[in-house]
Amino acid sequence: MRRVLIVTNDFPPRRGGIQSFVHALAARLPEESVCVYAPAWDGAARFDAQQPFPVVRHRTSLMLPVPTVAARAASVLAAYDCDTVLFGAAAPLGLLAPSLRRAGARRIVALTHGHEAGWAALPVARSLLHRIGEQVDVMTYLGEYFRVRLAAALSPQAAARMVRLAPGVDTTAFRPGAGGAAIRQRLGIGRGRPVVVCVSRMVPRKGQDTLLRAWPLVRSQVGGDPLLLLVGDGPYRAELGRMADRLGLDGRSVIFAGPVPSRELPAYYDAGNVFAMPCRTRRGGLDVEGLGIVYLEASATGLPVIGGDSGGAPDAILEGETGYVVPGRSEEALAGRLIELLGDRAGAAAMGEKGEAWVDTEWRWELVAGRLSQILDGTPTRLR
């Protein structure tokens, strides 16, 4: 049986999209065939005790491709008799590939997410990414946007070995009727009141500020006293609160729900009528959206979605069918689409149904796990 060592800086209990992606992949491999080498985080011992596979923790909260980390990874590889390595993120730990191959790894796969596009744009980082591409058997990509940018930094041979692997959605959790009525009752939101929901970490790129600036126009054009429900937290939270105050948006028109447990997220999506996260590209293309799994989770819950035009976000939306892509910096374009969807309940519902069906046929975790198994086995020819 193939045994896989996952070497990653991105793993729970630290929160984040990459962390969730890597953990979900690990959880869907046969438990006797996988182990994880990851950094130490507060709460790690408790989290690790709940996993069906072994997790070996580094001494600190960051792993770099240095000799001490290489030696520890090689010892874990040997201790658990692993013959395959999966890097949770290609950069920078993919630079450990040669030492792990010398230690006995016969196949090495490196995942990419979004930050590698930034690496590909910077001369020194680009050369390191090129080296990683030469040293691993397969480098994955989220979608066409990132394939093009990553391929430009790789040799033709490494680019030809790239295979698409994107996150999946748990459609048993994210579904219509996932508990939205209870969330509305908890937050004091009337049953028929139109709600636009955004679930995301609060950083400038995600576009909650654009939502706030667009919201007064939406409220002036849509009946029923529409509400904006912002779920999440992050370093931009305080500024967003000040912005809402400047715009005259109080708790009757905008609710900051804060961070919520992962198990409750489906219910918060289900509390909305429309999902919107108008993400945008920042820092000259170095800060882009990887995919936007939140759009797919919202679609699985039966909501029409509005996304920004950053990075791979459009890959998670069927334009005009499951939702719309708008310029991430344009509150006018965003407001127009919000007004359209909130004013056409039947059309919005049809988009939500289309999105639910699309996620079920293309984005379920079971499908992603099957693709990963093929990549690890070296038979991913059907996945390009």
Side-chain angles (χ1 to χ4, degrees), residues 1-11 18 21-30 33-38 65 70 73-74 77 82-117 119-120 125-168 290-291 312 315 363 365-384:
M1 177 184 294
R2 175 194 66 228
R3 291 187 62 82
V4 183
L5 170 62
I6 299 177
V7 180
T8 181
N9 270 312
D10 304 293
F11 204 70
I18 300 177
F21 184 14
V22 176
H23 177 252
L25 292 176
R28 284 165 174 81
L29 291 169
S33 73
V34 61
C35 64
V36 177
Y37 176 38
L77 186 85
C82 296
D83 58 10
T84 303
V85 172
L86 176 66
F87 288 111
L93 291 179
L95 292 168
L96 296 173
S99 62
L100 289 175
R101 207 177 288 279
R102 288 192 298 270
R106 294 198 294 270
R107 185 163 179 82
I108 301 179
V109 175
L111 305 181
T112 70
H113 306 280
H115 67 277
E116 293 88 357
W119 279 59
R126 181 187 179 95
S127 67
L128 294 176
L129 192 62
H130 180 94
R131 190 195 308 175
I132 293 169
E134 296 301 291
Q135 295 165 346
V136 303
D137 296 292
V138 172
M139 187 178 287
T140 71
Y141 62 93
L142 293 176
E144 189 63 12
Y145 175 91
F146 289 103
R147 187 197 67 77
V148 171
R149 280 151 185 79
L150 291 171
L154 304 178
S155 70
Q157 294 79 12
R161 297 195 302 269
M162 294 175 69
V163 175
R164 184 174 180 271
L165 186 72
L291 176 70
D315 291 339
W363 296 94
W365 267 118
E366 293 83 357
L367 301 174
V368 176
R371 293 171 187 142
L372 175 63
S373 291
Q374 290 184 38
I375 294 169
L376 295 173
D377 287 339
T379 58
T381 54
R382 300 194 302 275
L383 307 180
R384 295 189 185 279

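For the single chain, residues carry numbers from 1 onward in sequence order.
Distance alone, capped at 3.5 Å, is enough to place a donor-acceptor pair between the H130 side chain and the A153 backbone. R101 places a side-chain N or O within 3.5 Å of a backbone atom of Q135 that can act as its donor or acceptor partner. No donor-acceptor pair under 3.5 Å is formed between the side chain of D83 and the backbone N or O of R2. Looking at R161, its side chain does come within 3.5 Å of a backbone N or O of D137 through a donor-acceptor pair. In this structure a side-chain-to-backbone donor-acceptor pair under 3.5 Å is missing from R371 to A166.
With rounding to the nearest 0.5 angstrom, the CG atom of L129 is 7.5 Å from the CH2 atom of W119. Atom-to-atom distance recorded for C82:SG and L77:CG is 5.5 Å, nearest 0.5 angstrom. Taking OG1 of T8 as the start and NE2 of H23 as the end, the distance is 12.0 Å to the nearest 0.5 Å. Expressed to the nearest 0.5 Å, how far OG1 of T84 lies from CG of L100 amounts to 11.5 Å.
Checked for salt-bridge contact, E134 and R131 miss the test: no charged N lies under 4.0 Å from a carboxylate O.
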Item to complete: Report the C-alpha distance between V136 and V109 in whole Å, list the side-chain angles of each, state the deciding distance to 0.1 Å, and finish with yes or no for side-chain contact (heavy atoms from CB on, under 4.5 Å).
Response: CA-CA 6 Å; V136 303; V109 175; over 6 Å; no

Worksheet item: Hey, mind stepping through F11 and V36 against side-chain contact (heavy atoms from CB on, under 4.5 Å) and telling me if it holds?
Response: CA-CA 9 Å; F11 204 70; V36 177; 4.0 Å; yes

Practice prompt. Verify side-chain contact (heavy atoms from CB on, under 4.5 Å) between L154 and M162, making sure each step is shown before the conclusion.
Written response: CA-CA 10 Å; L154 304 178; M162 294 175 69; 3.7 Å; yes

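Closest of all the heavy-atom pairs between A97 and F87 is N-CZ, 3.9 Å. Across all their heavy atoms, R149 and Y145 have their closest contact at NH1-O, 3.0 Å. Minimum heavy-atom separation, E116 to A90: OE2-N, 3.7 Å. Residues L291 and P167 approach most closely at CD2-CD, 3.7 Å, considering heavy atoms. Taking both residues in full, the closest heavy atoms of P65 and L93 are given as N-CD2, 4.0 Å, listed atom of the first, atom of the second, then distance. The two residues L111 and T140 have their closest heavy-atom pair at CA-OG1, 3.2 Å.
Ring-plane geometry between H113 and H115 is classed as parallel, the angle between the planes falling under 30 degrees on a 0 to 90 degree scale with a further cut at 60. The aromatic rings of W365 and F21 sit tilted relative to each other, their planes meeting at an angle between 30° and 60°.
Using a 4.5 Å heavy-atom cutoff, the side chains of L86 and V34 are not in contact. Residues L25 and I6 fail the side-chain proximity criterion, which asks for heavy atoms closer than 4.5 Å. Contact annotation: the side chain of V368 never approaches that of R28 to less than 4.5 Å [non-hydrogen atoms, C-beta and beyond]. Between D315 and L142 the shortest side-chain heavy-atom distance does not fall below 4.5 Å.
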